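Here the structure comes first, spelled out in structure tokens, and everything after it is commentary.
As a basis for the values below, the full set of heavy atoms in this structure was taken, side chains included, without hydrogen atoms, waters or symmetry mates. Values in this document were obtained by computation on a predicted structure and should not be read as measured data.
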Amino acid sequence: MYYPHKREYLFCILNPISMKYNFDEIISRRGTDSYKWDTATSNDILPMWVADMDFRTAPPIIDALQKRVKHGIFGYTKVPSRYYESITGWFNKQHNFPILKDWLLFTTGVVPALSAIIKALTKPGDKVIVQTPVYNCFFSSIRNNGCLIETNQLLYNNQTYTINFDDLEQKTADPATRLLLLCNPHNPVGRVWTREELQRIGEICIRNHVTVISDEIHCDLVYAGHTHIPFGSISREFLQNSVTCTAPSKTFNLAGLQCANILAADSTVKARIDKALNIHEVCEINPFAIEALIAAYNEGEEWLEELKQYLYNNYLYLTHFFRQHLPHLHVLPLEATYLVWVDCTALRQTSAEIAHTLLNNQHLWINEGTLYGEAGEGFIRINIATQHENLRKGLEKIRNQYGQ
């Protein structure tokens, strides 16, 4: 089990790094039609579930949106060349991934992107591999296209997850298997897949004629000591045998603006996906999404670096809290994302029972592990992308219910 060293924790809490941006500011989201805060039936429920943040986005994004609103005309909008330049510039600088404008398609979100890609590259009855426990919308995107879910369950040992490559080889060898949905970095287990792991995945899939669909929505939220490797950046062969989905939404808290991008270097594959986007009627994005993405990728780096420091300090606080007050529950290492995966098997309750108990007894809303497949049984997912005071209150609620 990983816990931060006590001295590391105390340094972060007692000597916080001076920041330009105030992530501690409590901003009420109730009454704003927030899916996270206004779905609850009671105002005393603290939501730490759905994956969005409680922080204002980067100031350059707000400035860009205010400028666009001031213009006052919101008609049909074309996507300008500076939109593509922002994407290519960001991925080249941040991830050492030189991509071309001609590879890119835009759409309203990563989930619509995944659905369109599956529609474009499969036929009903085909099999699609997922590596569970994994992002729950993978399941619905597969089923909605009439395909079958094939599970390559991750191996769990010593409070970490690895890939079962022998099983993956077997599952991809099935002629009915067409795609692998790769979560890179992985939600909910918090892994950043290494180059070696990705290399082995790619080689297995190429050998068995399976296309890799890489969901890289969390690629910018990677912490010190780890490096995000875009799957398509590893080799030209991998690039041609994959499709990558990205978005600024998790990074900059922009999910409500509905903007995502698909990278398909194979022109035939790209054309098929483009057709599917049009069939699904998710082939346009609004003017605010355009301006927000450009501002985020051109001017948001400083804000993002401070955000990651704040999020990781929240993680250190959480791990220290569990070690002190909930030592029977195991916090997994967080290499990326702001979604903490906790092993609660010592409670001898189902994930659903734990989530139900916390919601009803403590008014704390977290995600039950089985939302991410049967492999998530006994686990919970906690969203720590909130002000430190909210995090402290949430952890006290868990302590009140399950502390020893």
Side-chain angles (χ1 to χ4, degrees), residues 97 103 110 113-135 137-157 161-187 189 191-217 219 228-246 262-273 275-276 372-375:
F97 188 18
W103 300 347
V110 166
L114 292 171
S115 294
I117 294 166
I118 294 170
K119 183 179 184 66
L121 303 183
T122 66
K123 62 182 184 300
D126 284 346
K127 294 181 179 180
V128 179
I129 297 174
V130 295
Q131 297 174 304
T132 57
V134 75
Y135 179 47
C137 287
F138 280 11
F139 305 123
S140 57
S141 292
I142 295 168
R143 293 191 187 103
N144 289 345
N145 282 284
C147 292
L148 304 177
I149 297 169
E150 189 69 83
T151 301
N152 171 228
Q153 184 172 321
L154 298 176
L155 299 173
Y156 180 59
N157 187 39
Y161 284 89
T162 55
I163 296 167
N164 186 338
F165 288 107
D166 291 338
D167 182 69
L168 181 61
E169 183 83 61
Q170 180 182 347
K171 299 290 174 58
T172 54
D174 184 341
T177 301
R178 306 301 303 162
L179 305 176
L180 164 67
L181 296 192
L182 174 67
C183 203
N184 177 38
H186 197 283
N187 170 21
V189 308
R191 274 297 316 275
V192 175
W193 302 121
T194 65
R195 182 178 295 274
E196 292 72 24
E197 287 170 318
L198 295 172
Q199 183 82 35
R200 196 166 174 188
I201 289 171
E203 290 170 352
I204 289 172
C205 288
I206 288 171
R207 185 159 57 246
N208 292 288
H209 310 289
V210 171
T211 302
V212 176
I213 311 305
S214 189
D215 174 359
E216 304 192 6
I217 196 171
C219 67
H228 171 69
I229 307 296
F231 182 84
S233 72
I234 295 174
S235 71
R236 180 164 183 80
E237 193 175 18
F238 281 24
L239 179 66
Q240 292 293 321
N241 193 56
S242 66
V243 179
T244 299
C245 299
T246 71
I262 300 168
L263 188 160
D266 183 298
S267 59
T268 301
V269 168
K270 180 189 172 188
R272 291 168 65 181
I273 296 171
K275 181 178 180 180
Y372 311 101
E374 293 180 3

Smallest heavy-atom separation, A276 atom then A116 atom, equals CB-O, 3.3 Å
How about Y135 and V130: do any of their side-chain heavy atoms sit closer than 4.5 Å?
no
Test item: side-chain donor near acceptor, E216 and S214, under 3.5 Å:
yes
Between the CG atom in N145 and the OG atom in S140, the distance rounded to the nearest 0.5 Å is 10.0 Å
Look up atom CD1 in I217 and atom OG1 in T244, then write down how far apart they are to the nearest 0.5 Å.
13.0 Å
Considering residues at least two apart in sequence or located in another chain, which fulfil the salt bridge (Lys or Arg N to Asp or Glu O under 4.0 Å) criterion with D167?
K171
Salt bridge (Lys or Arg N to Asp or Glu O under 4.0 Å) against K119, all qualifying residues, sequence neighbours excluded:
none
Nearest 0.5 Å please: distance from the CD1 atom of I129 over to the CD atom of Q131.
8.0 Å
Against I213, only a single residue in L181, L180, V128 fulfils side-chain contact (heavy atoms from CB on, under 4.5 Å); can you say which?
L181
Measure the NZ-CG distance between K127 and D174 for me, rounded to the nearest 0.5 Å.
4.0 Å
Look at the side chain of N184 and the backbone N and O of I229, then say whether any donor-acceptor pair between them is shorter than 3.5 Å.
yes
For a quick test of reading the model, state the closest non-hydrogen atom pair linking L239 to G232 and the distance between them.
CB-O, 3.4 Å
What pairs with E197 under side chain to side chain contact (heavy atoms under 4.5 Å, CB included), at least two apart in sequence or on another chain?
I163, F165, R191, W193, T194
If you count every heavy atom of other residues, nucleotides or ligands that lies below 6.0 Å from E237 atom CD, does the total exceed 12?
no
Return the CZ to OG distance between F231 and S242, rounded to the nearest 0.5 Å.
5.5 Å
Mind listing the closest non-hydrogen atom pair of I118 and C147 along with its distance?
CG2-SG, 4.1 Å
When you measure from the side chain of N208 to the backbone N and O of I204, does any donor-acceptor pair fall under 3.5 Å?
yes
Side chains of H186 and L154: closer than 4.5 Å at any heavy-atom pair?
yes
Pairing residues for L155 by the side chain to side chain contact (heavy atoms under 4.5 Å, CB included) criterion, not counting sequence neighbours
T162, N164
Polar side-chain atom of N241 near backbone of V210 as donor-acceptor pair, under 3.5 Å:
yes
Is the shortest heavy-atom distance from the side chain of K123 to the side chain of D126 under 4.5 Å?
yes
Enumerate the residue pairs fulfilling ring pair (Phe, Tyr, Trp, His ring centres under 6.0 Å) with a member in residues 113-133, sequence neighbours excluded, ordered by first and then second residue.
none
Residue pair F97 / L263, side-chain heavy-atom distance below 4.5 Å:
yes
If I compare all heavy atoms of A264 with all of I273, which pair ends up nearest, and what's the gap?
CB-CD1, 4.3 Å
Testing the basics here: between G125 and L148, what is the closest heavy-atom pair and its distance to 0.1 Å?
O-CD1, 3.7 Å
Side-chain touch Q199/I234, heavy atoms, less than 4.5 angstrom:
yes
Which pair of heavy atoms, one from F238 and one from L198, lies closest together, and at what distance?
CE2-O, 3.6 Å
Among all residues two or more places apart in sequence or in another chain, which pass the salt bridge (Lys or Arg N to Asp or Glu O under 4.0 Å) test with E169?
R207
Would you say the side chain of P133 lies within less than 4.5 Å of the side chain of V189, judging by non-hydrogen atoms?
yes
Rounding to 0.5 Å, atoms CD (E203) and OG1 (T172) come to a distance of 12.0 Å
